[in-house]
**Q** 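The structure follows.
A quick note: this is a predicted structure, and the numbers were derived from the prediction, not measured. All residue numbers refer to positions in the sequence shown, counting from 1.
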Amino acid sequence: MNKLALSDEILMRIEKPARYIGNEVNMVVKDPADVDVRCVFAFPDVYEIGMSHLGMQILCHMFNRREDVYCERVFSPWPDLHRIMKERDIPLFALETQDPIRDFDWLLITIQYEMCYPNILQILDLGKIPMKSCERGENDPIVIGGGPCTYNPEPIADFFDIIYIGEGETVYDELLDLYKRHRKGGSYSRQAFLREASHIEGLYVPSLYTVSYGEDGTIASFTPLYSDVPDTIKRQVVEDMSDVVYPDKPLVPFLNITQDRVTLEIQRGCIRGCRFCQAGMVYRPLRERSLDYLKEKARRMLDSTGYEEISLSSLSSSDYTHLEELLNFLIEEFKERHVNISLPSLRIDNFSLDIMSKVQDVKKSSLTFAPEAGSQRLRDVINKGLTEEDILHGAGLAFEGGWQKVKLYFMLGQPTETEEDMQAIGELAEKIAKRYYEVPKEKRNGKCQISVSTSFFVPKPFTPFQWSPICTKEDFLNRAHIVNETIKSQLNRKSIRYHWHEADVTLIEGILARGDRRLGDALIRVYEKGGIFAAWSDFFNDAMWQEAFDETDTDTAFYTVREHDRDEIFPWDFIDIGVTKSFLWREWQKAQAGEVTPNCRQQCSGCGAMKYKGGVCYEGAH
């Protein structure tokens, strides 16, 4: 690389300049003059977070496999560099070529978390790209959004030309080919391209739809402007996870990142059906990668990176059919290289001491379990499929195997929650601590350490709980106080530590998760006030958000504490995720009755995901 967008003087002034210079191990180098389409993939958070994201690695690899495309990367500049770029009028640039992102054909932005929305505007503003799609001209990049937050894209709809609904490995090639055809001959029209792009399944072009509202503020209609634009956007799904692109040579950064290891996605989707979990619904059905596919990818990625750790990624690792075989292969194949294996998302009811003993080092680092609710009654309401007996049995096996640190994750404010349910969190932690001290003293590994964390519940789109209201800030904090007092009253309270999430952040997340297009101007105000990196506690400023809502006459209670009718049109109802709204309503009714739904391997619940013709829905079929 012959040039840097930032001078040495600037690089010496800012924190972690390696965030901005590119040239990492396995970075793809092409001559921009030799390609037809230049893309830049943006992650609206700091480099260390973005570089840990598997989706970015997959899509950049997929794009760069094409000889006619060059896909580069850009991340949100940290506040120190943000200030300098604004003061000196330096345009935001891509890491690979250090060229301004406004000179690219496409800007692809992944949207992983609602609190990153102001950083989307930061990237557009620093990139000197008009924030709203309606303000962009023929020479501005096509701005495309994707990721989990696009399952309700409406609060950010004004900022995107195209929003990709679903898994990114499916229709991008078709869109690239369409773009190339439109660019040929010199008579390119942005609007004509977007109109035709809307015909590709899974692509939502917000400017081609109009929304009307009733007197009560709810959506009255959501309709396309033209007859050839689809009424419904169908989620894109990879049906065969063992016949799909995956990076062989992941990027290796020069500084420590959040997930500094090889990541091997073993499956996609989940069988469990937890009623609060958006990922468990929108990634249905569960689809496994073949054992041979995973073995080959593990070899190639470890060989090409030099990493000494590999993480097996999925929503519920315990449910992968060939987990033990895969672990045995990794242990045997890489034992001389001392490769550590990270196995997140284990379920406590499937806890295998033998497996954990193989993958954990001698230090016996802490184990993490997510009961989500303290009482059995509430675990049935949320369909967690986990009994107290399962929890105590799993913890007992861990303690007897030499572990003494356990992290427990719960949610407060879930539908039907009572004070007894809140108190049950502290009582369950006490039972787990008591179970530790039942292990013979000579087999214990020091004092028991139990860390209890509670987040506050946000009802997300496309879950059975999407009809539920959200608690107020005061109610959330009162619930945390009850848990705290219960823990303080336990016999083994010195072994239990308690931490709870910020209630004001949760309320903003809830507004953005459930909001509509009317929130766009408020988000612009937040950005203009300096509200970037709102996902970081050090930078979040609730007063700034409240001011922005007040200035735009936004009724925040409309999106949070309000009850929702069965037939209300949600902002996201135009998306078809496969799982039907009628199924979600049935699950909402069952939740209020405390009825449990079996997991997908026990019994089909008729959710609608069979339409995808693969995965767990067809296991054992001939």
Side-chain angles (χ1 to χ4, degrees), residues 1-6 11 15-32 35 37-67 69-78 81 92-99 101 104 106-112 116 119 123 146-147 168-169 172 244-266 294 296-313 334 337 339-340 342:
M1 188 163 58
N2 298 320
K3 62 175 181 178
L4 286 175
L6 301 175
L11 290 170
E15 184 180 340
K16 298 182 181 179
R19 290 167 171 162
Y20 311 107
I21 61 175
N23 217 29
E24 304 98 326
V25 174
N26 294 330
M27 188 185 88
V28 175
V29 178
K30 295 186 181 184
D31 184 344
V35 302
V37 186
R38 294 190 69 186
C39 305
V40 57
F41 189 103
F43 196 100
D45 207 327
V46 73
Y47 177 93
E48 294 92 314
I49 302 293
M51 280 292 290
S52 302
H53 178 53
L54 176 61
M56 183 199 71
Q57 299 261 12
I58 291 174
L59 289 181
C60 286
H61 172 66
M62 182 181 79
F63 276 58
N64 282 323
R65 288 175 72 199
R66 292 181 57 136
E67 292 184 1
V69 177
Y70 189 14
C71 186
E72 304 181 39
R73 294 162 296 134
V74 66
F75 303 94
S76 283
W78 198 240
L81 180 58
L92 186 60
F93 52 90
L95 265 62
E96 278 76 359
T97 59
Q98 302 278 298
D99 288 339
I101 65 171
F104 286 69
W106 288 9
L107 170 62
L108 302 108
I109 305 177
T110 184
I111 315 159
Q112 297 293 312
C116 291
N119 283 55
I123 287 170
E169 299 97 331
Y172 268 125
V244 66
V245 64
Y246 200 85
D248 293 328
K249 295 181 177 181
L251 286 156
V252 183
F254 292 130
L255 68 162
N256 290 332
I257 61 175
T258 309
Q259 304 290 333
D260 206 7
R261 59 185 73 95
V262 161
T263 301
L264 188 64
E265 185 188 32
I266 60 177
L294 294 172
E296 182 62 24
K297 291 299 178 183
R299 278 197 198 98
R300 291 187 181 185
M301 289 192 294
L302 287 167
D303 288 346
S304 66
T305 60
Y307 273 123
E308 295 180 344
E309 183 172 356
I310 184 167
S311 176
L312 306 185
S313 170
F334 303 108
R337 288 163 59 175
V339 171
N340 186 42
S342 172

**Q** Any non-hydrogen side-chain atom of S304 less than 4.5 Å from a side-chain atom of R300?
**A** no
**Q** For T263 and M301, work out which heavy atoms get closest and say how close.
**A** O-CE, 3.6 Å
**Q** Side-chain contact test, heavy atoms from C-beta onward, threshold under 4.5 Å: evaluate it for V262 versus K297 and give yes or no.
**A** no
**Q** How many angstroms lie between atom CD1 of I109 and atom SG of C116, to the nearest 0.5 angstrom?
**A** 11.5 Å
**Q** Where is the tightest heavy-atom contact between Y47 and R19, given as atom of each residue plus distance?
**A** CD1-O, 3.5 Å
**Q** Where do L312 and I266 come nearest, in terms of heavy atoms and distance?
**A** CB-CG2, 4.1 Å
**Q** Without hydrogens or angle criteria, can the side chains of D260 and Y307 be said to hold a donor-acceptor pair below 3.5 Å?
**A** yes
**Q** Hey, mind stepping through R65 and D248 against salt bridge (Lys or Arg N to Asp or Glu O under 4.0 Å) and telling me if it holds?
**A** CA-CA 11 Å; R65 288 175 72 199; D248 293 328; over 6 Å; no
**Q** Closer than 3.5 angstrom, by distance alone: can the side chain of R73 be matched with the main-chain N or O of C60 as a donor-acceptor pair?
**A** no
**Q** Once you measure the plane-to-plane angle for Y172 and W106, does it fall in the parallel (<30°), tilted (30-60°) or perpendicular (>60°) bin?
**A** tilted
**Q** Are any non-hydrogen side-chain atoms of E96 and V28 less than 4.5 angstrom apart?
**A** no
**Q** Within the structure provided, determine whether K3 and F93 are in side-chain contact (heavy-atom separation under 4.5 Å).
**A** no
**Q** Does a side-chain heavy-atom distance below 4.5 Å link L107 with I123?
**A** yes
**Q** So, for P250 and N26, which heavy atoms are closest and what is the spacing to 0.1 Å?
**A** O-ND2, 2.7 Å
**Q** Step by step, would you call C39 with L108 a side chain to side chain contact (heavy atoms under 4.5 Å, CB included)?
**A** CA-CA 7 Å; C39 305; L108 302 108; 3.7 Å; yes
**Q** Do R38's NZ or CZ and the ring of F104 fall within the cation-pi criteria of under 6.0 Å and 45°?
**A** yes
**Q** Do the non-hydrogen side-chain atoms of Y70 and N64 ever get within less than 4.5 Å of each other?
**A** yes
**Q** Just wondering, are more than 12 heavy atoms of other shown residues or ligands nearer than 6.0 Å to CD in E308?
**A** no
**Q** Report, as yes or no, whether the 6.0 Å neighbourhood of atom NZ on K249 holds more than 12 heavy atoms from other residues, nucleotides or ligands.
**A** no
**Q** Go through it in stages, so that I can follow the logic: the residues are Y20 and Q98, the test is side chain to side chain contact (heavy atoms under 4.5 Å, CB included), and I'd like the CA-CA distance, side-chain angles, deciding distance and then a yes or no.
**A** CA-CA 9 Å; Y20 311 107; Q98 302 278 298; 5.9 Å; no
**Q** Atom CG in L294, atom CD in E265: separation rounded to 0.5 Å?
**A** 9.5 Å
**Q** Can you see which heavy atom on C71 is nearest to which on F63, and at what distance?
**A** CB-CB, 3.6 Å
**Q** Which value, rounded to the nearest 0.5 Å, describes the distance between L255 atom CG and E24 atom CD?
**A** 8.5 Å
**Q** Would you mind checking if E67 and K30 are paired as a salt bridge, meaning a charged N to carboxylate O distance below 4.0 Å?
**A** no
**Q** Pair Q112, F43 - check side chain to side chain contact (heavy atoms under 4.5 Å, CB included), show working.
**A** CA-CA 9 Å; Q112 297 293 312; F43 196 100; 3.9 Å; yes
**Q** Does the side chain of I310 come within less than 4.5 Å of S342's, by heavy atoms?
**A** no
**Q** Would Q259 and S311 count as having a side-chain donor-acceptor pair, cut-off 3.5 Å?
**A** no
**Q** Looking at D303 and R337, what are the two nearest heavy atoms and their distance?
**A** OD1-NH1, 2.8 Å
**Q** Is Q57 reaching over with its side chain to a backbone N or O of L251, donor-acceptor style, under 3.5 angstrom?
**A** yes
**Q** Atom CD in E15, atom CH2 in W78: separation rounded to 0.5 Å?
**A** 7.0 Å
**Q** From L95 CG over to L4 CG, what is the distance, rounded to the nearest 0.5 angstrom?
**A** 10.0 Å
**Q** Given T110 and M56, is the side chain to side chain contact (heavy atoms under 4.5 Å, CB included) satisfied, shown in steps?
**A** CA-CA 8 Å; T110 184; M56 183 199 71; 5.9 Å; no
**Q** Should L54 and Y246 count as side-chain neighbours, where that means a heavy-atom distance under 4.5 Å?
**A** yes
**Q** Supply the atom-to-atom distance L81 CG to L11 CG, rounded to the nearest 0.5 angstrom.
**A** 8.5 Å
